[in-house]
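Scroll down for the structure; my scribbles are underneath it.
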Amino acid sequence: MGLSPGAGIPSARSTEKARSVLYVVHNRVSLRTLRRVHRLLAGDGRLSFAATLAPDRFGRGCEAEVGRWGLPLVPFEAAAAEPWDLALFGNHGGAHLFTRAAARVFVPHGVGAGKLALGQDFTYGPDFVLRSGEPIYTAMFEASEEGRQRAEDITPRLAGRIRVVGDLETDEFLAVLARRATARAVLGVGPEDFLVLLSATWGDAGMLAWHGPALLRSARRLPGDVRVVLKPHPHNWGPRGRPRPHLARALAAAPETVCLVPPWQSWMGAYAAADLAVYDFGSLALRFALRPRPMVAVPAGPGAVTPGSPVDALRAMTPELTEPSLPRALELASAAGAPPGLADLAPRFVSHPGQAAHRTRGALYELLDLAAPGPREGEERETRERALEGSG
């Protein structure tokens with residue numbers, strides 16, 4: 001299941017120069033998003049691929065991982081000066097420099113865009129997507145129809161730039177959910193155990209900053225059949241895999257029985273296996289909400305959540321844990337059960353479930369002005385393998 005381009009699809013235009021595709025990698029989260037996209041294109045002999053590392057304070061460690069793709073790694077300034085046919089971005093930052101790229105495409109690394117930064121929606125706020133009043137991106141991929149409408153409401157100049165393609169990561173997670181028993185076995189969770197997931201985003205407004213040590217310390221007071229797994233956002237780790245301060249303080253207070261999902265491991269198995277999620281405002285909580293299970297929110301800092309976003313709606317329908325106590329979270333979950341309205345929430349952040357690969361490929365080939373090839377040999381097997389990887 002290699003990521004390097006192969007010769008599996010002969011060129012239909014052998015006399016033409018291959019279309020050039022560049023992946024602009026900012027950090028580990030965007031890297032994984034772009035890797036999923038690359039799997040949809042790799043093997044097409046009409047395409048040539050390269051990657052570059054954009055300046056990013058969370059970018060340490062990406063060079064080695066990109067190197068395993070088998071693609072040329074171009075210095076950022078040189079890449080920005082090249083005339084690419086398609087430049088793909090998994091995070092904001094530097095896209096306006098790629099003026100010679102025929103198409104600049106933003107591929108979000110989450111769903112239900114709900115985080116605020118500098119007082120604006122981090123995905124669609126004008127300061128992030130406009131330059132001199134004009135859109136930076138030729139196209140922005142979006143998971144849902146509501147997300148497209150919200151984007152255009154937030155920044156009207158994006159009208160016509162939003163392509164609703166579904167979400168590749170969510171489609172993989174749905175496959176992992178179908179193997180929930182396997183995911184629990186991998187984590188060592190027995191049939192009678194109750195698994196609590198701590199879904200923590202990063203930053204000063206997130207769960208780990210909100211009494212994180214006290215919350216983790218309270219795991220010692222849980223009944224013996226209750227297990228705890230902590231999934232921090234990858235940005236909670238610094239260079240060389242060292243926890244950043246909020247996470248370091250929480251881990252120092254946690255009992256050894258708390259299972260930690262490291263940044264290089266998929267989140268999917270833990271989210272499929274858990275019986276209850278205690279969360280803040282990261283978009284992964286929306287994936288947990290894809291099937292009816294209890295959820296409890298911790299307080300979010302002021303100005304952390306985009307009003308009216310799916311994350312905001314989810315927080316409104318779940319009880320809030322006003323004290324850093326996991327036993328209290330169990331009490332709230334037992335009393336409230338699964339949040340009402342989850343079935344109506346899912347279509348708000350993911351449209352076209354199960355179709356993201358087909359729709360994303362179609363949009364990419366349209367931007368490349370090429371006919372999309374048929375399904376590659378082994379593509380269904382690779383999809384199954386990725387779903388099994390996600391359970392680990």
Side-chain angles (χ1 to χ4, degrees), residues 3 5-6 8-24 30 33-51 71 79 82-92 95-96 98-109 111 113 123-124 129-130 134-152 155 157-172 350-376 379-380 382-383:
L3 291 173
I9 302 173
S11 173
R13 305 181 182 183
S14 58
T15 61
E16 293 187 9
K17 181 181 177 181
R19 302 289 204 279
S20 56
V21 178
L22 176 73
Y23 301 104
V24 183
S30 68
T33 297
L34 296 177
R35 183 173 62 180
R36 285 185 173 88
V37 173
H38 183 55
R39 284 178 172 135
L40 302 178
L41 301 176
D44 189 334
R46 300 169 298 172
L47 306 177
S48 65
F49 302 97
L71 308 184
E82 288 292 316
W84 306 97
D85 291 297
L86 177 64
L88 293 152
F89 303 81
N91 202 49
H92 294 312
H96 65 284
F98 290 76
T99 57
R100 299 187 67 194
R104 299 188 296 264
V105 178
F106 180 80
V107 186
H109 58 256
V111 293
T123 303
Y124 295 118
V129 299
L130 302 181
E134 294 299 318
I136 293 172
Y137 302 103
T138 308
M140 298 184 72
F141 289 177
E142 164 58 43
S144 72
E145 298 291 346
E146 179 179 302
R148 177 192 61 77
Q149 186 60 58
R150 287 184 55 250
E152 295 177 358
T155 305
R157 287 292 290 117
L158 292 179
R161 302 287 178 118
I162 309 298
R163 306 284 187 93
V164 179
V165 296
D167 183 62
L168 294 169
E169 195 170 24
T170 298
D171 282 359
E172 287 185 26
V350 177
S351 300
H352 315 291
Q355 301 179 40
H358 172 73
R359 294 178 68 88
T360 301
R361 283 181 98 205
L364 291 170
Y365 277 99
E366 180 183 338
L367 290 161
L368 287 164
D369 192 26
L370 286 175
R376 300 194 314 274
E379 191 169 80
E380 292 184 2
E382 289 186 4
T383 300

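As the structure is a prediction and not an experimental result, all values here were calculated from the model.
- With a 4.5 Å cut-off on side-chain heavy atoms, Leu364 and Leu41 count as touching.
- The closest side-chain heavy-atom distance from Arg148 to Arg163 is not below 4.5 Å.
- Thr138 and Ala103 get closest at one heavy-atom pair: OG1-CA, 3.4 Å.
- Between atom CZ of residue Arg100 and atom CG of residue Asp85 there is a gap of 11.5 Å, rounded to the nearest 0.5 Å.
- Inter-residue side-chain proximity for Phe89 and Ile136 is flagged as unmet; no heavy-atom pair is nearer than 4.5 Å.
- Residues Arg19 and Leu368 approach most closely at NE-O, 3.0 Å, considering heavy atoms.
- Evaluation of the side chain to side chain contact (heavy atoms under 4.5 Å, CB included) rule for Ala101 yields Trp84, Ala87, Phe98, Arg104 as partners, not counting sequence neighbours.
- Counting only heavy atoms from C-beta outward, the side chains of Leu370 and Leu47 approach each other to under 4.5 Å.
- Leu168 contributes atom CG, which lies 7.0 Å from atom CD of Glu172 (distance to the nearest 0.5 angstrom).
- Across every non-hydrogen atom of Val164 and Arg359, the tightest pair is O-NH2, 2.9 Å.
- Heavy-atom minimum distance, Ala363 versus Val165: CB-CG1, 4.2 Å.
- In this structure, Thr33 and Pro108 approach most closely via the heavy-atom pair CG2-O, 3.6 Å.
- Formation of a donor-acceptor pair under 3.5 Å by the Arg46 side chain with backbone atoms of Ala18 is not found in this model.
- Ring geometry for Phe106 versus His92: interplanar angle under 30°, hence parallel rather than tilted (30 to 60°).
- Side-chain contact between Leu86 and Ser20 is absent, with no heavy atoms from C-beta onward closer than 4.5 Å.
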**Residues Val350, Ser144; criterion side chain to side chain contact (heavy atoms under 4.5 Å, CB included); working and verdict** = CA-CA 5 Å; Val350 177; Ser144 72; 5.7 Å; no

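- Smallest separation of non-hydrogen atoms from Ala151 and Leu158: O-CD1, 4.1 Å.
- Of the inter-residue distances, the one linking Arg35 atom CZ with Leu40 atom CG reads 13.0 Å to the nearest 0.5 angstrom.
- A salt bridge is defined here as a Lys NZ or Arg NE, NH1 or NH2 lying under 4.0 Å from an Asp or Glu carboxylate O, and Glu152 with Arg157 fails to meet this definition.
- Ion pairing between a basic and an acidic side chain is recognised when a charged N comes within 4.0 Å of a carboxylate O; Glu169 and Arg36 show such pairing.
- The backbone N or O of Gly90 sits less than 3.5 Å from a side-chain atom of His109, completing a donor-acceptor pair.
- Counting heavy atoms from C-beta on, the side chains of Phe49 and Asp44 never come closer than 4.5 Å.
- Of the inter-residue distances, the one linking Glu146 atom CD with Ser351 atom OG reads 8.5 Å to the nearest 0.5 angstrom.
- Side-chain contact between Leu88 and Val24 is absent, with no heavy atoms from C-beta onward closer than 4.5 Å.
- Atom NE2 of His352 sits in a crowded spot, with more than 12 heavy atoms from other residues, nucleotides or ligands closer than 6.0 Å.
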**Request:** Dump the intermediate steps for side chain to side chain contact (heavy atoms under 4.5 Å, CB included) on Leu22 and Glu82, then the final yes or no.
**Result:** CA-CA 10 Å; Leu22 176 73; Glu82 288 292 316; over 6 Å; no

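- Listed for the Asp171 side chain is a donor-acceptor partner under 3.5 Å among the backbone atoms of Ala356.
- Two residues are said to be in side-chain contact when any heavy atoms from C-beta on lie closer than 4.5 Å; Phe141 and Val37 fail this criterion.
- Under a 3.5 Å cut-off, the side chain of Arg150 and the backbone N or O of Tyr124 do not form any donor-acceptor pair.
- Remark: the backbone N or O of Ala372 is not paired with any side-chain donor or acceptor of Arg361 at under 3.5 angstrom.
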